[in-house]
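Please read all numbers here as calculations on a predicted model, not as lab measurements. Throughout, a chain's letter reflects where its sequence line sits, starting with A, and its residues are numbered from 1.
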Amino acid sequence: AQSVTQLGSHVSVSEGALVLLRCNYSSSVPPYLFWYVQYPNQGLQLLLKYTTGATLVKGINGFEAEFKKSETSFHLTKPSAHMSDAAEYFCAVSHPWSNRDDKIIFGKGTRLHILP
Amino acid sequence: DAGITQSPRHKVTETGTPVTLRCHQTENHRYMYWYRQDPGHGLRLIHYSYGVKDTDKGEVSDGYSVSRSKTEDFLLTLESATSSQTSVYFCAISSQGYNEQYFGPGTRLTVT
């Protein structure tokens, strides 16, 4: 079965510290992978995506993620947290070369708290 | 930003009444999706459409129906609203089913 697991429903980091949000997926075919961010009372916004090629993907607001096939992971990082990064983050996977290529599977989300 | 609007943005309704939520896009994308978001459950897919008059069920489709008579509009109907359908509803669009989705601002529905 295709799925996405985000480790930790809540993560707290100090302002200026490294942000690491973990995402693991299961897939029997090469996946597309996505990270989204949701600020309070807003819809989800695409942060970055991996399709093919370079495994380190850079996104908006200083975030990046690395696709590691051997670990089936796509963790999101940012070197230095800002207060404005406080939000909920969703990892997602899709499967363009399967017979279920008509939707994206979302993880349950990780709420990021930034401590002053 | 992708051109997606949802209406209404907020609605309070009584149990047993019908409710229709509208999603409108200006991107001419083929795929449209309806999700609900509830604390502890993340995003759950209700129904989606892969073309005009082409729809399919998601994981939580009971109690909901959809229609898509034009590329730009995707309607979600609660035939007889229940308190368990109190939620925030998001519409999303995509050019291909496996590509990134772009989300609308959401509709907060309260069923009393």
Side-chain angles (χ1 to χ4, degrees), chain A residues 1-10 21 23 25 27-52 57 59-60 63 65 74 87-111, chain B residues 1-7 9-10 21 23-25 27 29-51 54-61 66 68 87-109:
Chain A
Q2 303 152 354
S3 68
V4 178
T5 301
Q6 293 184 238
L7 296 178
S9 58
H10 292 264
L21 303 182
C23 173
Y25 67 91
S27 175
S28 57
V29 297
Y32 282 9
L33 294 158
F34 311 88
W35 274 100
Y36 284 82
V37 61
Q38 184 181 30
Y39 299 103
N41 300 313
Q42 295 185 25
L44 279 68
Q45 302 173 33
L46 183 67
L47 266 180
L48 51 80
K49 66 177 180 180
Y50 168 80
T51 56
T52 58
V57 180
I60 62 173
F63 284 93
F74 191 57
E88 189 155 22
Y89 293 79
F90 293 89
C91 182
V93 63
S94 70
H95 303 90
W97 296 285
S98 76
N99 59 1
R100 298 307 298 169
D101 62 351
D102 53 358
K103 61 178 71 74
I104 292 176
I105 309 300
F106 286 88
K108 292 195 178 298
T110 297
R111 186 165 297 277
Chain B
D1 290 344
I4 312 169
T5 57
Q6 293 184 232
S7 58
R9 293 292 314 279
H10 298 88
L21 308 183
C23 177
H24 178 78
Q25 61 148 328
E27 306 297 318
H29 280 354
R30 177 183 172 193
Y31 287 80
M32 298 185 76
Y33 303 83
W34 276 109
Y35 295 91
R36 61 178 290 175
Q37 186 176 33
D38 305 285
H41 292 277
L43 283 172
R44 291 184 289 176
L45 182 64
I46 305 171
H47 282 280
Y48 66 103
S49 169
Y50 47 95
D54 293 323
T55 64
D56 204 352
K57 295 179 179 180
E59 62 181 299
V60 290
S61 59
V66 290
R68 192 171 178 197
S87 186
V88 180
Y89 292 85
F90 287 100
C91 174
I93 64 174
S94 180
S95 58
Q96 294 288 345
Y98 50 80
N99 277 348
E100 64 271 24
Q101 293 178 10
Y102 296 96
F103 283 77
T107 294
R108 184 173 296 275
L109 177 67

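- Relative ring orientation between B:Y33 and B:Y48 is described as parallel, the plane-to-plane angle staying below 30° on a 0-90° scale split at 30° and 60°.
- With a threshold of 4.5 angstrom between heavy atoms, A:Q6 does not approach chain B through any atom at all.
- Interface remark: A:K103 contributes backbone and side-chain atoms alike to the contact with chain B (heavy atom separation under 4.5 Å).
- A tilted orientation is assigned to the rings of B:H29 and B:Y102, their planes being inclined by 30° to 60°.
- Checked against the 6.0 Å centroid criterion, the rings of B:Y35 and B:F90 do not qualify as a close aromatic pair.
- Interface residue A:L46: only side-chain heavy atoms are found under 4.5 Å from chain B.
- Contacts between B:Q37 and chain A at a heavy-atom distance below 4.5 Å involve the side chain alone, from C-beta outward.
- Ring pair A:F90/A:F34: centre-to-centre distance not below 6.0 Å.
- A salt bridge links B:R44 to B:D38: one of the charged nitrogens lies within less than 4.0 Å of a carboxylate oxygen.
- Heavy atoms closer than 4.5 Å to chain A are found nowhere in B:Y50, neither backbone nor side chain.
- For the set A:G109, A:G43, A:G107, the entry with the most heavy-atom pairs within less than 4.5 Å of chain B is A:G43.
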